Amino acid sequence: QVQLVESGGGLVQAGASLRLSCTASGRTFSVYYMGWFRQAPGKEREFVATISQSGGVTYYGDSVKGRFTVSRDNAKNTVYLQMDSLKPEDTASYSCAANRFSIDSRPTAYNYWGQGTQVTVSS
């Protein structure tokens, strides 16, 4: 079992930046593909970003591409989401997730989830 804990969310104004962190338990963090997803009230969970085991391959959802950057530090059991040029429509609870099998934008592909950290962007 993998336990994931997100941090770094907050309330910021449009145009600001935030960096989210997700820390994982255990020794096997480096074997997992990691993803970031977000969900706003009344909306479906949306794919944000994913990163390969060693960090060499990344993909982003269309709504965040060019503004967000995902990275990981396996020595620290941590994956990051750097969010720049934040917009009010980025307001959501952001969750990290882990899976053992592949890069994937589908929430159903991920086996383990954190509880989320709230990001609120005001105009």
Side-chain angles (χ1 to χ4, degrees):
Q1 184 177 1
V2 176
Q3 293 178 292
L4 305 171
V5 180
E6 303 94 340
S7 63
L11 193 158
V12 298
Q13 291 187 314
S17 297
L18 282 173
R19 189 179 75 160
L20 306 184
S21 299
C22 172
T23 58
S25 64
R27 298 180 179 180
T28 59
F29 177 74
S30 63
V31 312
Y32 288 94
Y33 301 87
M34 299 296 297
W36 284 98
F37 296 83
R38 66 187 184 186
Q39 188 167 28
K43 303 294 184 181
E44 294 183 351
R45 192 179 301 275
E46 179 185 17
F47 168 70
V48 175
T50 187
I51 187 167
S52 61
Q53 294 163 317
S54 62
V57 179
T58 59
Y59 293 98
Y60 298 90
D62 290 342
S63 62
V64 307
K65 190 173 184 179
R67 299 188 297 119
F68 291 10
T69 304
V70 63
S71 62
R72 67 193 296 167
D73 185 342
N74 289 341
K76 296 182 178 179
N77 278 20
T78 301
V79 61
Y80 304 96
L81 184 68
Q82 177 67 43
M83 305 184 295
D84 297 321
S85 301
L86 283 163
K87 304 175 181 179
E89 51 263 46
D90 295 319
T91 295
S93 178
Y94 285 72
S95 299
C96 65
N99 84 77
R100 292 283 300 274
F101 301 102
S102 65
I103 292 282
D104 209 307
S105 63
R106 300 170 296 173
T108 53
Y110 291 81
N111 307 103
Y112 305 101
W113 292 81
Q115 292 190 353
T117 185
Q118 180 67 35
V119 172
T120 302
V121 184
S122 65
S123 60

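Everything numeric here is computed off the predicted structure, so don't read it as measured data. Residues: numbered from 1 along the sequence shown. What's counted below: heavy atoms across the whole structure, side chains too, no hydrogens, waters or symmetry copies.
In this structure, the separation between OG1 on Thr50 and CH2 on Trp36 is 12.0 Å, given to the nearest 0.5 Å. Expressed to the nearest 0.5 Å, how far CH2 of Trp113 lies from SG of Cys22 amounts to 11.0 Å. Expressed to the nearest 0.5 Å, how far CD of Glu46 lies from CD of Gln39 amounts to 10.0 Å. Taken to the nearest 0.5 Å, the OG atom of Ser85 stands 8.0 Å off from the NZ atom of Lys87. The distance from the CG atom of Leu18 to the CG atom of Leu11 is 9.5 Å, given to the nearest 0.5 Å. Going from atom CZ of Arg38 over to atom OG1 of Thr117 covers 14.0 Å, rounded to the nearest 0.5 Å.
Residues Phe37 and Val121 fall into different hydrophobic clusters, defined by Ile, Leu, Val, Met, Phe, Trp and Tyr side chains chained together at heavy-atom separations under 4.5 Å. Two different hydrophobic clusters hold Val57 and Val31 under the rule that ILVMFWY side chains link at heavy-atom gaps under 4.5 Å. When hydrophobic clusters are built by joining Ile, Leu, Val, Met, Phe, Trp and Tyr residues whose side-chain heavy atoms come closer than 4.5 Å, directly or via intermediates, Ile103 is not grouped with Val64. Taking hydrophobic clusters as Ile, Leu, Val, Met, Phe, Trp and Tyr residues chained together by side-chain heavy-atom distances below 4.5 Å, Phe47 does not share a cluster with Tyr94. With hydrophobic clusters built from ILVMFWY side chains whose heavy atoms lie under 4.5 angstrom apart, Val48 shares a cluster with Leu86.
Taking the ring axis of Tyr80 as reference, the NZ or CZ atom of Arg72 does not stay both within 45° of it and closer than 6.0 Å to the ring centre.
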Inset, instruction - Give the C-alpha distance, both sets of side-chain angles, the deciding distance and a yes or no for side chain to side chain donor-acceptor pair (under 3.5 Å) between Thr23 and Asn77. - result: CA-CA 6 Å; Thr23 58; Asn77 278 20; over 6 Å; no
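Closest heavy-atom contact between Ser95 and Gly114: OG-O, 4.0 Å. Closest approach of Ala14 and Ser123 over heavy atoms only: CB-CA, 4.4 Å. When all heavy atoms of Ala24 and Val2 are compared, the pair lying nearest together is CB-CG1, 4.2 Å. Of all heavy-atom pairs between Gly9 and Val119, the closest is CA-CG2, 4.1 Å. Here the closest heavy-atom approach between residue Ala92 and residue Gln118 is recorded as O-NE2, 3.4 Å.
In this structure, Asn74 contributes its side chain and Gln53 its backbone to a donor-acceptor pair below 3.5 Å. A donor-acceptor contact shorter than 3.5 Å is absent between the side chain of Tyr110 and the backbone of Tyr33. Distance alone, capped at 3.5 Å, is enough to place a donor-acceptor pair between the Tyr60 side chain and the Val70 backbone. At least one donor-acceptor pair under 3.5 Å links the side chain of Glu6 to the backbone N or O of Cys96. Distance alone, capped at 3.5 Å, is enough to place a donor-acceptor pair between the Ser25 side chain and the Gln3 backbone.
No side-chain heavy atom of Tyr32 sits less than 4.5 Å from a side-chain heavy atom of Asn111. The shortest side-chain heavy-atom distance between Gln115 and Val5 does not fall under the 4.5 Å cut-off.
Under a cut-off of 6.0 angstrom, the local environment of OH in Tyr112 is crowded, with over 12 non-hydrogen atoms contributed by other residues, nucleotides or ligands.
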